[in-house]
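Worksheet: one structure, shown below.
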Amino acid sequence: VVEKGLDFVLSCVQEDGYIARSGSRMYDHAFATLFLAEICGMTHRDDVRAKLQKAIDFIVKSQNAEGGWRYEPYSAESDMSIVVCQVLALRAARNIGIRVPKSTVDRAARYVVDSATTRASGGGFTWAGEGDGPGTFRYQKDGASRSTFPLTAAGVTALNGLGIYSDDLIKKGLDYLSAQLDGFNRRYARSGHYYFWYGHYYGVQAMYTAGSPYWEPYFEKLRALLLQTQDPQDGSWPNQIGPGPAFGTAVGVLILEIPYRFLPIFQ
């Protein structure tokens with residue numbers, strides 16, 4: 001099954017390095033690149049490494065003047081949801097010796113830092129009942145852009161992926177995620193909304209990297225919740241608003257494997 005999946009992803013790598021199929025966009029390119037980096041780290045296959053390098057080069061050359069990325073390659077705008085997945089792909093590749101320019105990393109770090117809220121804001125707007133106060137990260141660095149639990153988790157994880165671990169922005173972000181955890185779960189867990197999966201996919205990485213005192217209470221609550229919401233018949237997790245249960249199940253498994261460090265990027 002894994003070999004077939006790998007063959008499919010390799011077949012989607014275009015001549016310029018863009019990994020795309022049926023109109024897919026930069027989200028998909030980043031996750032496919034991360035996948036190839038994990039495979040390369042485990043198998044050291046030359047054919048995978050060659051296409052991985054092309055995919056990484058595409059991320060590098062499509063970075064815009066803001067230091068970020070958007071849905072479409074070479075867009076002048078950026079947003080946190082796209083930036084974080086490019087950053088993790090770059091980090092995974094760099095971990096196994098793929099060339100990643102320091103200038104790309106530095107510019108991405110500046111974009112993420114500029115997307116953080118540094119004080120309570122009277123402007124902008126909130127989303128899903130979440131506050132727009134200090135400790136959060138915005139969708140875009142524009143001061144009027146929304147800030148949320150998933151975007152804050154993405155911002156902290158992006159900083160970690162860029163090699164920043166001890167920064168006041170990270171502590172504020174972790175404190176915000178801890179304070180908002182119960183309310184966020186009550187709102188989105190039962191339906192398996194894609195905000196829930198997206199938020200915890202990055203949240204669990206941020207908390208795991210931070211360690212105590214953030215990691216244990218966060219993961220214990222999330223693990224208990226996932227065990228409660230898993231379908232006892234087929235083992236799936238719901239995703240009523242989003243791509244469907246295959247997506248919810250895949251992300252649920254990724255979240256639960258974090259403390260076991262099955263993936264090379266966490267070893």
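Residue numbers run from 1 in the order of the sequence given. Quick caveat: nothing in here was measured; it's all calculated off a predicted structure.
Taken from CZ in R94 to NZ in K102, the straight-line distance is 8.0 Å, to the nearest 0.5 Å. Here the CD1 atom belonging to I19 is positioned 10.0 Å from the CE atom belonging to M26, to the nearest 0.5 angstrom. In this structure, F149 CZ and L177 CG are separated by 5.0 Å, a value rounded to the nearest 0.5 Å. For the atom pair CD1 of I39 and NE2 of H44, the computed distance is 11.5 Å after rounding to the nearest 0.5 Å. Put simply, CG on L88 and OH on Y201 are 6.0 Å apart, with the number rounded to the nearest 0.5 Å. Rounded to the nearest 0.5 angstrom, I59 CD1 and Y18 OH are separated by 10.5 Å.
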Q.
Show, in sequence, the C-alpha distance, side-chain angles and deciding distance for E77 and N64, and conclude whether the side-chain contact (heavy atoms from CB on, under 4.5 Å) test is met.
A. CA-CA 7 Å; E77 291 189 331; N64 60 30; 5.5 Å; no
**Q.** T209 vs I170, side-chain contact (heavy atoms from CB on, under 4.5 Å): CA-CA, chis, key distance, verdict
**A.** CA-CA 11 Å; T209 301; I170 292 176; over 6 Å; no
(Q) I'd like to know whether T33 forms a side-chain contact (heavy atoms from CB on, under 4.5 Å) with I56, so could you lay out the CA-CA distance, the side-chain angles of the two residues, the decisive distance to 0.1 Å, and finally the verdict. (A) CA-CA 7 Å; T33 303; I56 289 294; 3.6 Å; yes
Q: Output, in order, the C-alpha distance, side-chain angles, deciding distance and verdict of side-chain contact (heavy atoms from CB on, under 4.5 Å) for E15 and K54.
A: CA-CA 8 Å; E15 189 58 36; K54 291 180 67 173; 3.8 Å; yes
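The only member of L162, V87, V83 that meets side-chain contact (heavy atoms from CB on, under 4.5 Å) when paired with Y111 is V83.
No hydrogens or angles considered: a donor-acceptor pair under 3.5 Å links the side chains of E66 and S78.
Put simply, the side chain of Q140 never gets that close to the backbone of D79: no donor and acceptor are under 3.5 Å apart. In this structure, the side chain of N239 does not engage the main chain of P245 through any donor-acceptor pair within 3.5 Å. The closest donor-acceptor contact from the side chain of Q63 to the backbone of T104 lies under 3.5 Å. At distances below 3.5 Å, at least one donor-acceptor pair connects side-chain atoms of T117 with backbone N or O atoms of T136. Using a distance-only test at 3.5 Å, with no hydrogens or angles considered, a donor-acceptor pair links the side chain of T249 to the main chain of W237.
Other residues, nucleotides and ligands contribute over 12 non-hydrogen atoms within 6.0 Å of the CG atom of D7. More than 12 heavy atoms of other residues, nucleotides or ligands lie within 6.0 Å of OH in Y165, so this atom counts as buried by the packing criterion.
For E216, the side-chain contact (heavy atoms from CB on, under 4.5 Å) test picks out S212, E220, with sequence neighbours left out. When the salt bridge (Lys or Arg N to Asp or Glu O under 4.0 Å) test is applied to K4, no partner is found at least two apart in sequence or on another chain. Remark: R45 engages E3, D47 in a salt bridge (Lys or Arg N to Asp or Glu O under 4.0 Å) (not counting sequence neighbours).
Aromatic ring orientation, Y27 versus F31: parallel (interplanar angle below 30°, classes split at 30° and 60°). Relative orientation of the Y198 and Y202 rings is perpendicular, given thresholds of 30° and 60° on the angle between their planes.
Between D114 and R110 there is a salt bridge, since at least one side-chain N of the basic residue sits less than 4.0 Å from a carboxylate O of the acidic one.
Sorted by first and then second residue, the salt bridge (Lys or Arg N to Asp or Glu O under 4.0 Å) pairs with a member in residues 16-39 form an empty list; sequence neighbours excluded. Sorted by first and then second residue, the pairs that involve residues 155-171 and meet salt bridge (Lys or Arg N to Asp or Glu O under 4.0 Å), not counting sequence neighbours, are D168-K172, K171-D175.
Closest approach of A37 to L52, counting heavy atoms only: CA-CD2, 3.7 Å. Nearest heavy-atom pair, G252 versus L226, reported as atom, atom and distance to 0.1 Å: O-CD1, 4.3 Å. Between A89 and L34, the shortest heavy-atom contact is CB-N, 4.0 Å.
Here L227 sits alone; no ILVMFWY side chain lies under 4.5 Å from its own, so it joins no hydrophobic cluster.
Aromatic rings of Y214 and Y218 (six-membered ring for Trp) have centroids beyond the 6.0 Å cut-off, not under it.
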